[in-house]
Amino acid sequence: MIYLTRIEHFNAAHKLYNPAWSKEQNEDVFGKCANENWHGHNYDLYVTVKGEVDEQTGFLIDVKKLSLIIRDYVLEILDHKNLNVEVEFLQGKMCSTENLAKGIWQILDHQLPPNVTLHCVKLFETARIYVEYYGD
Ligand code: NI
């Protein structure tokens, strides 16, 4: 079994705001992230896949193909978007890095070739904060 990681990047706007709570409660819990007028992040996305090496190519997957899958199905719907407003899989959910990583997993899990398995979606919201999701 070999593991391969492709790193991609996108930026997007969001806010953390629970509509069931008061403004004060949102500010207590989410601080600056509750700003009603949005803020942005530069996200780094690490997608790790696993499987066996193809003897003909020496590859697990052609990284160009993996990159295109991530671009076509993930970056296309997230990059330069307002995550709260424009991203279908986040509708009705809190727009957190955790929920974002889980949504990215669900998209990619259906798009990989049959010999390749998704292992981890690791999403950096800042250089010092990231989440990892392994599909469980
Ligand atoms: Ni934020």
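Numbers for residues simply follow the sequence, beginning at 1.
- L118 CG to H110 NE2: the interatomic distance, rounded to the nearest 0.5 Å, is 11.0 Å.
- Proximity of a side-chain donor or acceptor of D79 to a complementary backbone N or O of N11 within less than 3.5 Å is detected.
- The number of heavy atoms from other shown groups lying within 6.0 Å of CD (E76) does not exceed 12.
- Atoms CZ and CE, from F30 and M94 in turn, are 3.5 Å apart once rounded to the nearest 0.5 Å.
- The hydrophobic cluster containing L66 also contains I2, counting ILVMFWY residues as joined when their side-chain heavy atoms lie under 4.5 angstrom apart, directly or transitively.
- Counting heavy atoms from C-beta outward, V49 and L112 have side chains that approach closer than 4.5 Å.
- Results of the side chain to side chain donor-acceptor pair (under 3.5 Å) test with T97 over K102, H41, H14, E125 single out E125 as the only residue that passes.
- In this structure, K50 fails the cation-pi test against Y3, since its NZ or CZ atom is not both closer than 6.0 Å to the six-membered ring centre and inside 45 degrees of the ring normal.
- Put simply, CG on L83 and CD1 on I77 are 9.5 Å apart, with the number rounded to the nearest 0.5 Å.
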Ring pair (Phe, Tyr, Trp, His ring centres under 6.0 Å) between Y134 and H119, intermediate numbers included: CA-CA 6 Å; Y134 294 89; H119 175 64; 5.3 Å; yes
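- The neighbour count for Y73 OH, taken as heavy atoms of other residues, nucleotides or ligands under 6.0 Å away, does not exceed 12.
- Judged by distance alone, with hydrogens and angles left aside, the side-chain atoms of D54 form no donor-acceptor pair with the main-chain N or O of L60 at under 3.5 Å.
- Residues P113 and I69 have side chains in contact (heavy-atom distance under 4.5 Å, counting atoms from C-beta outward).
- Here the closest heavy-atom approach between residue C95 and residue L16 is recorded as O-CD2, 3.4 Å.
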Intermediate values then yes/no, salt bridge (charged side-chain N to carboxylate O under 4.0 Å, His left out), K23 and E36: CA-CA 9 Å; K23 191 176 178 188; E36 286 181 75; 3.7 Å; yes
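- Of the possible donor and acceptor atoms, none in the side chain of H39 sits under 3.5 Å from a partner among the backbone N and O of N35.
- Each of N99, L100, V87 was checked for a side chain to side chain contact (heavy atoms under 4.5 Å, CB included) with K93, and the lone residue meeting it is N99.
- Follow the hydrophobic side-chain contacts under 4.5 Å out from V131 and you reach F89 in the same cluster.
- Contact check for N84 versus K15: side-chain heavy atoms found under the 4.5 Å cut-off.
- You'll find the side chain of H9 stays beyond 4.5 Å of the side chain of L45, heavy atoms only.
- Here the CG-CD1 distance, from L75 to I104, works out to 8.0 Å after rounding to the nearest 0.5 Å.
- Between the side chain of D109 and the main chain of W105, no donor-acceptor pair closer than 3.5 Å is present.
- If you chain together hydrophobic residues whose side chains sit under 4.5 Å apart, F10 and I7 never meet in one group.
- Counting heavy-atom neighbours within 6.0 Å of Q91 CD, excluding the residue itself, gives a total above 12.
- In this structure, the ring of F124 has its center less than 6.0 angstrom from the ring center of Y46.
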From CA spacing to verdict: side chain to side chain contact (heavy atoms under 4.5 Å, CB included), T5, V47: CA-CA 5 Å; T5 300; V47 175; 6.0 Å; no
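- In this structure, Y17 has its ring center at least 6.0 angstrom away from the ring center of W38.
- To the nearest 0.5 angstrom, E86 atom CD is 10.5 Å from L78 atom CG.
- Under the 4.5 Å side-chain heavy-atom criterion for Ile, Leu, Val, Met, Phe, Trp and Tyr, V116 and F59 are members of distinct hydrophobic clusters.
- For the atom pair S67 OG and D62 CG, the distance stands at 10.0 Å (nearest 0.5 Å).
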